[in-house]
Structure formats: C-alpha cells, structure tokens
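Down below is the structure, laid out as structure tokens.
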Number of protein chains: 4
Amino acid sequence: MAENGARKIRLGMVGGGKGAFIGYVHRVASRIDGDYDLVAGALSSRPEVARESGKNLGLAEDRIYTSYEEMARAEAAREDGIEAVSIVTPNHMHFGPAKAFLEAGIHVICDKPITATLEDARKLLEIQPKNGAKFLLTHNYTGYPLVRQAREMVASGALGNIRVVQVEYPQDWLTEPVEQSGNAPGAEWRTDPSRSGAGGAIGDIGTHAYNLARFVTGLKTEAVAADLTAFVPDRKLDDNVHIMLRFEGGARGMLWASQVAPGNENGLQLRVYGDKGGLEWRQDNPNYMWFTEFGKPKQLLTRGGSISVPPAASMNIRIPSGHPEGYLEAFATLYSQFASVIRGDGAEYEALLPSMADGVEGMQFITASVQSSNNESRWTRLSEV
Amino acid sequence: MAENGARKIRLGMVGGGKGAFIGYVHRVASRIDGDYDLVAGALSSRPEVARESGKNLGLAEDRIYTSYEEMARAEAAREDGIEAVSIVTPNHMHFGPAKAFLEAGIHVICDKPITATLEDARKLLEIQPKNGAKFLLTHNYTGYPLVRQAREMVASGALGNIRVVQVEYPQDWLTEPVEQSGNAPGAEWRTDPSRSGAGGAIGDIGTHAYNLARFVTGLKTEAVAADLTAFVPDRKLDDNVHIMLRFEGGARGMLWASQVAPGNENGLQLRVYGDKGGLEWRQDNPNYMWFTEFGKPKQLLTRGGSISVPPAASMNIRIPSGHPEGYLEAFATLYSQFASVIRGDGAEYEALLPSMADGVEGMQFITASVQSSNNESRWTRLSEV
Amino acid sequence: MAENGARKIRLGMVGGGKGAFIGYVHRVASRIDGDYDLVAGALSSRPEVARESGKNLGLAEDRIYTSYEEMARAEAAREDGIEAVSIVTPNHMHFGPAKAFLEAGIHVICDKPITATLEDARKLLEIQPKNGAKFLLTHNYTGYPLVRQAREMVASGALGNIRVVQVEYPQDWLTEPVEQSGNAPGAEWRTDPSRSGAGGAIGDIGTHAYNLARFVTGLKTEAVAADLTAFVPDRKLDDNVHIMLRFEGGARGMLWASQVAPGNENGLQLRVYGDKGGLEWRQDNPNYMWFTEFGKPKQLLTRGGSISVPPAASMNIRIPSGHPEGYLEAFATLYSQFASVIRGDGAEYEALLPSMADGVEGMQFITASVQSSNNESRWTRLSEV
Amino acid sequence: MAENGARKIRLGMVGGGKGAFIGYVHRVASRIDGDYDLVAGALSSRPEVARESGKNLGLAEDRIYTSYEEMARAEAAREDGIEAVSIVTPNHMHFGPAKAFLEAGIHVICDKPITATLEDARKLLEIQPKNGAKFLLTHNYTGYPLVRQAREMVASGALGNIRVVQVEYPQDWLTEPVEQSGNAPGAEWRTDPSRSGAGGAIGDIGTHAYNLARFVTGLKTEAVAADLTAFVPDRKLDDNVHIMLRFEGGARGMLWASQVAPGNENGLQLRVYGDKGGLEWRQDNPNYMWFTEFGKPKQLLTRGGSISVPPAASMNIRIPSGHPEGYLEAFATLYSQFASVIRGDGAEYEALLPSMADGVEGMQFITASVQSSNNESRWTRLSEV
C-alpha cells in the first residue's frame, strides 16, 4: 500500500460541520493513506458552526468560509489554494458547489446521489471544468477489495455468462417516524422531497445497491419494474423498494432496499450467478466472499488471502488477511486512488472510480423506478426517462 | 415427543419405486415416530420395479400392485386394508390416485404441488371423500419447529403489523441441461410441461417458498407481478422466478426461486419484518432463527432452547437443543400429526396441516404468476385466475 | 440409502422407560432405516412404568419385563426371541445387562461410556459372547457423514502429517445446581459418582469428544495432562474439563469439555491440522465441514454435495445436500450398519463401528485424566492406568 | 468521535522502513483520527532505506536519522522536536530506544512484546522518564470497541463470577519453513531467538491472546502449565502453544496459539463464561459479540448498535453499526487516546491503555510458559519467574 506523504493534496470541504456523519467519514477517508491535507472549508452555512468546526479541524481562520461560492473564488485565487474539494451536503446542495468548483478548476469529490434531480445531473454533464478538473462520486462500496475482486472475476469469465443478479440493502433505522422527532436531522432531510429529490430509500441506499450490481457485473440495464412503498405513516418518500431488473443480453435481477427491516443495520449484499459459477458478498463482513465454480465446493475468498483465480490488480490491500479492513478503508481507497489521478499517475484507476456518468445513470435508475412504481410497476426503460 | 406404537396406521404408497427420491423421504417420515406400518404399494407402473421395490420393503406379495385403481379397490375391500396412502408420483399423476383413494374412504397424503393444473386442483375440491377420508399436502417445510414458532410469533403480534416479506428458494442443480442427459429422470419430468404443468421452478420450489411465507405470516395475497425465465437453452419451463407480491392490508413482498444459482443447494429462506420486529430463518440451518425486537439486540432462538416469547405449542421437538433435527424430522412431524388426526385425537393439528385448500391456492399462485409473466409482468390477482 | 424391510431384526431394550431421553433416541434411531422391530423391553425396574411404557410402544404384554436377567433368559428361550438389545441405562447399569445378553447370544447395542469403571470395562472384554454375539458402542457422533468424510480424508493424507488436534464439547445445562432440584433425574445420576463413575463431564461428554478426535485422526494417545474442576458448589463430579494431549508420533492436542459454559447448547467441535491442510467441523451445524489445503482458499464441503477429494465411501447419505440431516440420522447410521453386521452383510462396517475396545480406551482416558488432575496435572499415560 | 486537528502531536518513528508491516500499521493508526504529524524517523539502520522511506513519508531531510540515539538527542534539542515516538523494531530492539526516548522526555509508543527478555522488561520499569514521559504498549486488540464492551460487562457483573476463560490465536502463515526461504524477513526474526527472545508463537501472538484475556476478565493469573512445540523441522522457536491457566479465585482457562494451523488467518478468539452468562468474540469479525444470559436466548451485540446492558463508555465508535470498523481503527484508538493522555485531557484512558506493567506481565507469562514447557508442563507461577 503506497504512502505518498511527500506530495499531499490540499483539500477543502463543503458541508460536514459538527455532528454531520458523512463529512466526518470523508475526512477520515482523506487521512488514512496520508494523501490529503484539509486546509479550507465551508463546513456549515451557520457562521458559528462553521467557525467552531473549522477551528477544531485546525483550519486557519481565513480559510473558514460560510459560502461555497466565496470559498471557490477565494481558494482559486490563492497560490496555496485547495486543489480538491469534498462536497458532503444533502443531495439538493450537490449541484451548486460541484459546478462552482469545477468551473474554478478545482477537483470535486462528491457524495452520492450526484444531485437531487436527473435534470441537475444532466446539467452537470454539460459543464466545462476549468483546467481539466476531475470528478469523483463516492460510491464507496466499490472501494472494497473483494468488490474489486468480484468485478475482475466476472470480467474474466470466471462465472460464465451472467444470468441472475440479486442485490439488497436492508436497514432498519427508519422503522419508526424518527424524522418527526425533531432531533434527527439526517432522517429529516432524507425523507424530505425538497432536499432528497423524488426518491427516499431508493436514492439513499437503493442507488448504492444498484451501482454495486452494475460495477461488479458490468451489465447494462434495460428496464426496471418497481414497487416503492412508504410504510411509516406520513412519510413523504419511499422507505421500502422492490424492483425487478432486466439487463441487456437477458440477465435478470432483483433489488430490495429497505429502511424499515428490523434487525438489519446496513445489510448491503450482492449475489451474482452465471452459467459457470456464483459469487456472494456482504458488506457487513466485507473481508470474505463466497465463490462457487458450478459442481465444486464453495470457496471462501478472503481479502489478502488465498484466491483461487488471479487476484484483482485493483484491490487495494493495506494489511494482511485476517486483520479486518472496513468501511473507512474502502472509502479511503477512493480518496487515495483519486489522489493518484489528480497527481497524474493514476491512469489505471480512471475506469474504476465512480464517475459523473455513473451519477447520471444513478439518477436515471431512481427516476425510472419512481415512474414505474407510479405506473402500476410497468417495465420502464432507463433510456426513456 | 409422543410415540404410539400401540395403534399404528396401515399405510400404502403410490409411486416411490426404487431410485425415487421423494418416495423414500415419505417412507422415512412415516417411520420416524412409529405411527405407520407400510403394508401395500403401487410403487411403479413397471411390474418388475414394483415387485422388486415392494419385496425390498417387506410388503406381502399380494399387496404389491401395479395400478393404483386396483390397489384402491383391493385394499378398500380388505379387513386389514390400508387406512392411508402416500402419493409420491410426478405432479400430473396426483389427481387420479387422490380421487380414487378418497372415494374409497382411504386417507390421502399427497406430495406438492397438489396437481399439475389449477383445473384439476379445483376438481379435487369437489370430490366427496367416503367416510370423511382426510387429505394432507406435504408442504414439509411447515413442519420445522421454528417455522411453527415463527407463525405463532407473528400471530401473537411479536412483530407488530407485517410490512415486508422476503422469501427465496435458490438451488443450482439445473444450472446445466441435465434433463437432456438421459439419466436424470427427476430433472426430466420437472422440466416437462406435460408432467409438471405450466410451471417449472415455480411449481417445484416456488410453491414451497410461497406456502412458507403464507403459513408464517397468515397474510392473504392480493396480486403478483412475475418475471419467469428459462435460462438453459431448450428448457421448456422456467428455471428462475422473480415475483413481487402484494398482500391484503398493504404488506409487500418479493419471492425469488431459482434452480440455476451455483453455490445454492437448497437455500429456502424466509425473512419477515413488521413495525415492531423482524424474523429470519434459513432451511439449511433450520435449528436457529433470528428474532429482533426493533431497538434491541438480535436474538438467536433455537429449536428446543431458550425462546424469549412463549414457545409455540405446535412445535414438535424430539431431542434437546444443540442436537440438530433436520428435513426428515420436519417431514415426519406432518406424518405424525396427520396420524393423530386419523386416529381422532389430533383436532389441534387440523388448522396447521397443509390442506387441499392450500393446494388450490398454490395452483392459483403458479397460474397467476405464469399469466403475469406472459403479460409483461402485469399485476395479476390470484382471484382472477 | 438401503432399506431392508424384508429382513427386520427383532430388538429389545433395557432402560428407556417413559421420560428417558436416550432410550427414546435409540428407538427413533432403530426405526429410521426400518431395520429393526422393537418387540421386548425391560424399560424400567418399576413395574408400573415398565408396563405403561411397553404398552405405549406396542409391546406384547408377555414381553414387558422388569428385570434384564429375566428378559435375557426368556428371550433367549423363545423361537421369535430378540436378536439384539439396546442398553440405555445409567453408566453403572451397563455392565450387568451387557454381560447377560452377550452370554445369552444376543447382540448388544450399548450407550457410552461403556461402563462406570475401567475395571468393569476390562471384565467385559473377557466375556465369551455366545454364538459370536456382537457389540456396538453408540458413540453416535461417528455416524455423521462428514465425520466419516473427515476420517477418510485424514487417512488418505489430504491433511499431511497431523500436528494439532483441537476438540471441544461445551454445554451449559449444568451451570446451576439443577441436580439438587429434585426434578432433574438426568442431572442427578450424571453428577453422582455411584452411578456415573469417577468422571462427570469427562465421562458424559468428554469421552464423546475424545472418541471423535481418535476416530477422525486415527492417532494413538500417549498421555494426558488434565485439570478437572467442579465449579458448582457441592457438585461431586467435574463439570469442566481442561486436558492437553500428546499423541504418538508427536502430534499435540487440547480437549475442553464443559457443562457450565452459558450459551453453548451442545457445541461439540473438532479441528485437525496437518502440514498440508486443515479440517474443521461442528456438530451443531453438521452438514458442513471446512477444508483448507494450505495456501488455497477454504472450501465448504457439504454432506451430499461437492467434495474436492474422493467422497468417503462410508458416508451414509439419505437425502440430497441442502436438505439437512441431523443427530437422529447419524445415530441411525450406527443402528443400520450394525444391522448389516448382524445380518452378515456388513463386513465393511466392522472397522468403523465403535467397539468394545473403543469403550475400554474411553475408560482409560477418563481414568488417566482423573488421575492426572488429582496429581497436579502430571502427564499420565493411558497405558499406566 | 473527537477530531482534534488544532493540536496535533509531533511524532517520530524508530524502525518501520520500506516494506515493514507493523511500522506501516502504526503510521496509519496515527493518521486516522488526525492527532499526530509524523515529522522525524530513524526508519532503518541502513542509510539508503532510511532516506528513501523518510522522503516518501514527507520527512524533512534533516529529520531522517539512521540511529535512534542520535534522533533522541537531536529531537530533544529542537524546539519543534517530536513529542512522541513509535518503536516498531523487532523485539530485541525495543529496550534501547524506549530507554533513550523516555530519558529524553519523549513519550514512547512501543510495539509488543515489550522487550525480548523479562530482565530487560524489568530494567525498563526502573527507568526515570524525564518530564513524566508516558509509555504505551500497543496491545492493539484492546482497542476494539466490543473488547472494551466485554471488559465493562465483566466488571459490571453481567456474567457473574467468571469460571472459564478460553482464548485462542491460530494462524497458518508459518506452516512451512518460510523463514528458510531467504525472502521472509518477518518470519526470520520471529523464529530467531536472538531477536525474538525465548518465545516464538507465544511471544508473537500468545502474548496478545493472554493480554486480551487479562484485559477483558481482570482476573489475576496464578499459574500456567504449558506444552510448547516447534513442529516445523529446524525451527528454533515454538510454533504451537498449548497452555492451561489457573486464575486467582479459582477460574480456569485454556490458551491455544498456533502459527501452523492451515485455514486460520488471524483467528484470535475469546470466550468467557461465568455463573450468570457468557461472552464470545472473534477478531476476524470484530463488530459482533455474542452475549448469553444463562437461560435466555443468545444476543448478538454489535459495535454501535443495540446493546442490552449499558454500552461501555470506553468504546470508541467512529461510524454507525453495520458499517464495519476493523483492525486499523482499533489500533488508532490506542493512538488517539494516548494523544489525549499526552495533551493532559485523557485521564479516563490511563487505566485502559496497555502499560509498562502489562508489558512486564506479558514477559512473565512468556517466561513462565517456556519454563513450564521445559519442565514437563509443571504448573508454574508467574510470580516464580
């Protein structure tokens, strides 16, 4: 595992003030491999929170901003200005900062989903980033070593022609109407169409599941038939997602995402079956993956351990097998490989790292699913929306 | 666990000659608790196989038949004639024997699905069994102690209002076109519409999954949206089943059944989530069940071990927890409790044991799913078919 | 799986009256494969219990005995007398019946440990069975298909030279002084030296663990260093067993048995490591076994499923993989294969089935361990005792 | 989870040059929570490796040293000199640097075992650290959140009086004589008495297992009876460790450590049983812990999720349950909490963080075990050595 302390990238952050979960995650991810120095932030639109959060993180006073526009302008003007920025605000606040920083020539690391609407996502595609500024969408689950391994195994034909893709992402934290409690800001914006967009669970976690299936199988989606439900009284967005999938070439799939399934903390799971073999992986025990060659015993592949086929070159393994790596390390791999891209020595990662196009497809997936669900679960093509 | 050797029931069998899997299973199930004596059989339509199989099982020569009609007639006429018969032939050969024995006043134990067509199933309902002869459909998975426990927990409200039902039944034994090999008779008839009916995997295992979900939750099905696929070239019936389910009262579900999922031997699994808690059970490790009260740690309930709510009265536990019981014991529980019904001391089991009505509903499920799949996965009501 | 209903063996039973656990288990085991007919019994020394139990099992009145001596005499004299007898009494009541029936020319199936004392076990070896009557010791865990597979894999060299053997058998049912409650007869005699012998947990479950390790590895034991403890106040026999093992040829092992380990129902587990590979098996999920060839991924071998080396010929598989078999089936395999031995067509099983010599070695193991523990855990040879 | 970027601690490192595993781990651990800045290093005694490694990590040229003595002297003299140093050399090279830096008033973070000999460990205790310089021993497994939870549960009496402690640490990476291959420096020094000390596996991983058992249970060890073996031909130190343990107050335990157990990557596991309940935890799936209150269902406690008793205040949880944290995060917790101690706001952590006294006890454990093993496994008191 490379360390490159000699050439750290100056990083800024939009959102992620005190108490925010995902901003904290991005910061840890930026530190693990030592590729970034956080030096500026518009961490909150509330000046006091912005200042307190910034000081606690060791930012210089003059680089603590309360507006991302100001930050983009000021940092672009500094000789030691930030080279990259992490956008960790709610969905509806992704588009504005992403545009501003890209047009200022600053690389953008953006949380998913890319925007709140498909329209915004498409507008983002039109932008002309200054100086070739790059974009990374943090579909972090693609950073797990064994997810990379799965992708390469499918690509190499180890499973044969893919027939069936079962992906699911059950959680339980929205089983009760916590968004009405007044003290769960994360639940509030996620269930609020004006901040989340037209999808609830489907946007928050369904896109992760969808992206994971796409990343591993490489299959192109033809159409979805969806049945979205809001089970909790007065909830405005779906909290349970049932989708059937049809892929080009004939493979079929199912996607289940739920935030009302008691006993499931963060149960993202992918199973892929072809005519020669099958793969099964769970995010909550991510250092292990089942591989079955049809007619032979199941094998337990381990991160960093014995793999019966060529290990994926793109796996980013920090410590030996049996010493578990987790969510933060997978997230850090995206940061670290994007740092290589920024430095100009990461060409091999460009195809792997989730891109703006992936973000647009994610929005197509959400949009088509919502349409299908509103239309008696009619099969709806992603290309129609 | 009761033993009642003093009052054994005289049993016959139709089908189940040498080499047949399910006939053997029925015989073991009939022996485990010592409630039956196998004394007659039409084990095969091929005289030689019938005779050899019968002798091996210790049947008297004059009670080895080659025709079920003859057997029904002859046994009904004997003073020591059989009291019950097990029908273990392929699907299209259920209706005839079931009718013959019921009309001869002999209790019928019939493998699932009840018939090859919904029409036949409905005709069976019309029959007037002589002397109140009873009928048992061997949806054997309902005999597992923890499945019974699950049913009673749902009924008692331990999960609250049910919202989501995820059931799946993946296998892999039809990944390749074994039915074309010439030496896999079980695969042959299961993929042959003239013997199986209109459903392949959906009839063979999908009905088990469907029945299990219905048995545990007690929810009534409103409609299905199905996408059935035959992945193996030249296969005439579906080998992969994707279905979305809508239940009365608003619960939603997904059902996946597959016979082309490498690495899955017999992976029947049920997960049920309500607004107060969740349950998860897998058939391949059936002595354990997860129960989560929302907001509390997951509990591992064990067959015969500690249960945090009243243990189900209907559990049939033979040996202490930690000493695994399996498939044959669950199957035997149906046999044993049906024996009580036959003897007249099993009133409490009548509502539990899978009935002719369950069989008809199973055929409605198959029929509606096939129709939906043929009709662009349109939501199709069971009551429409 | 063979069925041989045409030639059933007439069976009797000593012990196993109403409410007894292990007698019930033996009866089910005798029924599963249809090789035996239970026709006589001295099920209890209390006449009323004997009679009621016998009638319930369908025994003829004149074959319900209250004394095993009488039963041995009377049955040996009948033309249709029993051919075999199951002895399922507490340990101190094994020797008498075993001697009586063997000397009457009746085959003996005896629960473990073989006797309450090493002295008795050795006296049993001296007996001259009439007409070559055979003896089976029900170390039932050796009947599990994957235990047989493990044994053959070790023998075939798949693990290389065995270095380390870790075996354990934790339970929790004696965590509290239930034997003092007055309503736990099973706990009472197991903690009573006058009925159990000098060992508590070591005799009840330690011998099973020891036998399993010996059965699978084939290694001969050199010496033991033991630390036995009775944790529950006023308990007269050990309820926790710590033993280090040295085998001939240099392999080392550890054995842990406990009846005071909360959360463990019946956690028998064996792990064997050689210079080429390792095997791991747990009784509470017995249809699966881990096999690792050093340097390759772990494989999950399944009962009836894919096995990467030749499947053991001695596995007795009734139903397909994924359809779990359990404790009763493993137990039944001993009964069924002993039936073959009795009928004269089971020569291949003789080396596999636990024998009188295994019983004597089990008593040496108990005796040496108790001596070592009383002697500051000094290494004690089995051959010394 | 606190971040304190405003007051970073200046850190140096001894050892950990290019290619070294544990030095890399310490660096990541120091970065995760953002409490340290690595600014100096004697990363290797080979000047070229030291320089290249230092430059890669972004160290200034004048702070890249090749001798720890020089580094201690020079850094102590700088105004911006390091405040703390990480010692990540082989065992025999711990004592010298630890002494030098402590006497220079620089806090020491030292890998385990504390020294190569008990004598050295005791000499370390005698040292007078300048300016109250502190010492941290990186028994990193104590940093796992659920290990902290386990410790507090035992302390709170949730398990009652502890009776049985089963701890094990199997690995397989030394199954073959890799230390003779010439390209496995980590294996070389670990199997070389002149660099490792008198213990092989017992020093490398046995001490971790021992420390974990002690940390969680708080029990004091009375004596050990050990059987250490070197299975690989020509290996000079033990690669398999069997130990029985006696604790003050009567609890008993077993410890197994092995580096020759194929199929085990890093299988540290602790099981603790008291008269009221039991706990079970495995390092390779560290976000889960089993807890059983005797007579109730097993509960699966999760890091950050529902806990049925008060959650441990000392757990250091970064991200929500279901998002796995791993080895590096646990390691980082020691670094982060030691940073608080250094800054003067970490009083509550002092009792938790592994100390010099723990290091000395670890050496007593190794020494007593080696003596016992050399003495026919005689019970040997830690206080004797």
Side-chain angles (χ1 to χ4, degrees), chain B residues 1-8 18 21-22 24-25 27-34 37-38 53-59 140 144 170-173 186 263-268 283-288 300 302-306 318-332, chain C residues 1-8 18 21-22 24-25 27-34 37-38 53-59 140 144 170-173 186 263-268 283-288 300 302-306 318-332:
Chain B
M1 181 48 217
E3 292 176 288
N4 195 339
R7 172 62 187 90
K8 291 200 177 187
K18 244 190 128 181
F21 157 57
I22 202 68
Y24 168 73
V25 165
R27 288 194 297 274
V28 176
S30 76
R31 288 195 295 253
I32 283 180
D33 297 318
D37 255 340
L38 182 68
S53 304
K55 284 174 82 167
N56 186 51
L57 292 167
L59 304 188
N140 52 291
Y144 274 113
Q171 298 182 327
D172 67 5
W173 69 294
N264 292 279
E265 294 182 331
N266 199 46
L268 177 61
Q283 190 268 156
D284 52 15
N285 197 4
N287 295 282
Y288 301 93
L300 188 63
T302 66
R303 182 197 51 78
S306 305
R318 293 174 184 80
I319 47 176
S321 61
H323 300 71
E325 294 192 34
Y327 177 93
L328 292 168
E329 286 81 3
F331 216 115
Chain C
M1 180 52 215
E3 292 177 289
N4 195 337
R7 171 64 187 88
K8 291 200 177 188
K18 244 189 127 183
F21 157 58
I22 203 67
Y24 168 73
V25 165
R27 287 193 299 272
V28 176
S30 77
R31 288 195 295 254
I32 283 179
D33 296 318
D37 255 339
L38 182 69
S53 305
K55 283 173 81 168
N56 185 51
L57 292 168
L59 304 188
N140 52 291
Y144 273 113
Q171 297 181 328
D172 66 4
W173 68 294
N264 292 279
E265 294 182 330
N266 200 46
L268 178 60
Q283 191 269 158
D284 51 15
N285 196 5
N287 295 282
Y288 302 93
L300 188 63
T302 66
R303 181 197 51 79
S306 305
R318 291 173 186 82
I319 46 175
S321 61
H323 300 71
E325 293 191 35
Y327 178 92
L328 292 168
E329 286 82 3
F331 216 114

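Just the heavy atoms: all of them, side chains too, but no hydrogens, waters or symmetry mates, feed the values below. Order of the sequence lines sets the chain letters (A, B, ...), proteins ahead of strands, with each chain counted from 1.
With rounding to the nearest 0.5 angstrom, the CD atom of E325(C) is 8.5 Å from the CD atom of E329(B). Note: I32(C) CD1 to L328(B) CG = 7.0 Å, rounded to the nearest 0.5 Å. In this structure, CG in D37(C) is found 7.5 Å from CG in D37(B), a value given to the nearest 0.5 Å. Atom-to-atom distance recorded for R31(C):CZ and D33(B):CG is 6.5 Å, nearest 0.5 angstrom.
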Please assess D284(C) against N287(B) for the test side chain to side chain contact (heavy atoms under 4.5 Å, CB included), listing each intermediate value before the final yes or no.
CA-CA 9 Å; D284(C) 51 15; N287(B) 295 282; over 6 Å; no

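Looking only at heavy-atom pairs under 4.5 Å with chain B, the residue among P320(C), A330(C), G267(C), G304(C) that has the most is P320(C). For the set G305(C), G34(C), S306(C), A332(C), the count of heavy-atom pairs under 4.5 angstrom toward chain B peaks at G34(C). Of the listed residues A6(C), G5(C), P324(C), P286(C), the one with more heavy-atom pairs under 4.5 angstrom with chain B than any other is P324(C). Comparing L57(C), V28(C), N4(C), V25(C) by how many heavy-atom pairs each has under 4.5 Å with chain B, the most go to L57(C).
F331(B) does not touch chain C: none of its heavy atoms, backbone or side chain, sits under 4.5 Å away. With a threshold of 4.5 angstrom between heavy atoms, R27(C) approaches chain B through side-chain atoms but not through N, CA, C or O.
When every heavy atom of E265(B) is checked against every heavy atom of G322(C), the shortest pair comes out as OE1-N, 3.2 Å. Closest non-hydrogen pair, H323(B) versus Q283(C), comes out as CA-OE1, 4.2 Å.
Remark: K18(B) NZ is loosely packed, at most 12 non-hydrogen atoms of other residues, nucleotides or ligands lying under 6.0 Å away.
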